[in-house]
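Read the structure below first, then the notes.
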Amino acid sequence: MKKKAGLVLILAAAAVAAASVYLLCGAPQFSVDATKTPARKIDPGPKEITIRNVTKETVRYALQEQEPGANVKPRTRTLAIGAIDRFPAVQTVSVTYKKDGRDVSYSLYPGRPYSFRYDRAGAIDIYQGAHGRADAEDLAPWVPTPPEVIVKMMDMAQVNKNSIVYDIGCGDGRIVLYAAKAFGAHGVGIDIDPVRIDECKANAKRDRVENLVKFILADATKIDISKATVVALYLLPESNELLRPKFEKDLKPGTLVVSHNYVVPGWDAKEIGNATVIDLEKIEHSVFLYKK
Ligand SMILES: C[S@@+](CC[C@H](N)C(=O)[O-])C[C@H]1O[C@@H](n2cnc3c(N)ncnc32)[C@H](O)[C@@H]1O
């Protein structure tokens, strides 16, 4: 996963910002590059920053508030595998850690979730997260799939009016909404972010497909997906890997799993197709199709 995305400036504009990040940096991404984001005043009042360790090793790092007058002293931290560090902040906090033997620093913004993950080269890096909940996996931050890619995904999965399309981490609902509008398919979108689910419901109303779609606010790893005929994914590769046993257990034989940009590790034998899509911004995307 390439690192280089810009941090979103306000939470309310997260979707737009995420799309910009995507367009600027191409796929795959989801990373942060706070070094390119100028320091700025944040609304007063502490907001929690979370850092999750999604790597397979303990991560050491230092935190330091960035702006003058900061009352938090520099401090070193050790984060165990799977653990979450959480601390309140009223302004940006820099995190410094070793990457390939060099110290690298990034700015973290109050109220935002982050994760240490491996980059494509296997080095530890910090990325935006979706949430800081300890009781749920962070499958991927909110980054929308472009419409051209959705068209291809639904085409490859041969979605039709008899399909039941589940989107695991549905963002603003665009995949199931497209399936409903274009084909009259039924759809279920699941997302852990209440802001996204509110958007989904408003979008379903706007598109007049409320009778065909359902949106569920939940940890998608804990939801029954056995009714799906098609499962859509745009998650991090390690999240696809995490979900694979669930797919193997829950999905009916013949269910199609269509994934934007990332393979389902361990499912090579089930891959029945793949394609490349160039979006309107000339960014290349991959689509992988699997049959359970
Ligand atoms: C990369 S976005 C994909 C959105 C949409 N599927 C699309 O392709 O446009 C990933 C979404 O997964 C959601 N997510 C992350 N962890 C989750 C979890 N444990 N359960 C449900 N949704 C989750 C995030 O909130 C985010 O909206």
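Each ligand, and each atom within it, is numbered from 1 in the order the structure gives. We're numbering straight along the sequence, starting at 1.
- When the shell of 6.0 Å around CD of Gln158 is examined, it contains 12 or fewer heavy atoms from other residues, nucleotides or ligands.
- The part of Ala130 lying near ligand 1 is the side chain, judged by heavy-atom distances below 4.0 Å.
- Among Gly169, Gly171, Cys200, the residue whose heavy atom sits closest to atom 6 (N) of ligand 1 is Gly169.
- For Lys222, the NZ atom is densely surrounded, since the number of other residues' heavy atoms within 6.0 Å is greater than 12.
- An N or O contact shorter than 3.5 Å is missing between Tyr234 and ligand 1 by distance.
- Looking at Arg174 against ligand 1, only its side chain comes within 4.0 Å, counting heavy atoms.
- If you check each of Asp135, Ile192, Thr145, Ile190 against atom 23 (C) of ligand 1, the one with the closest non-hydrogen atom is Ile192.
- Using a 4.0 Å cut-off between heavy atoms, Ala232 makes no contact with ligand 1 at all.
- Between Phe183 and Tyr178, the two ring planes are perpendicular [angle over 60°; tilted spans 30° to 60°].
- Checked against the 6.0 Å centroid criterion, the rings of Phe116 and Tyr97 qualify as a close aromatic pair.
- At least one heavy atom of Ala218 sits less than 4.0 Å from an atom of ligand 1.
- Contacts between Cys170 and ligand 1 below 4.0 angstrom, taking non-hydrogen atoms only, involve the backbone exclusively.
- Cation-pi check for Arg75 over Phe87 is met; the charged atom lies under 6.0 angstrom from the ring centroid and within 45 degrees of its normal.
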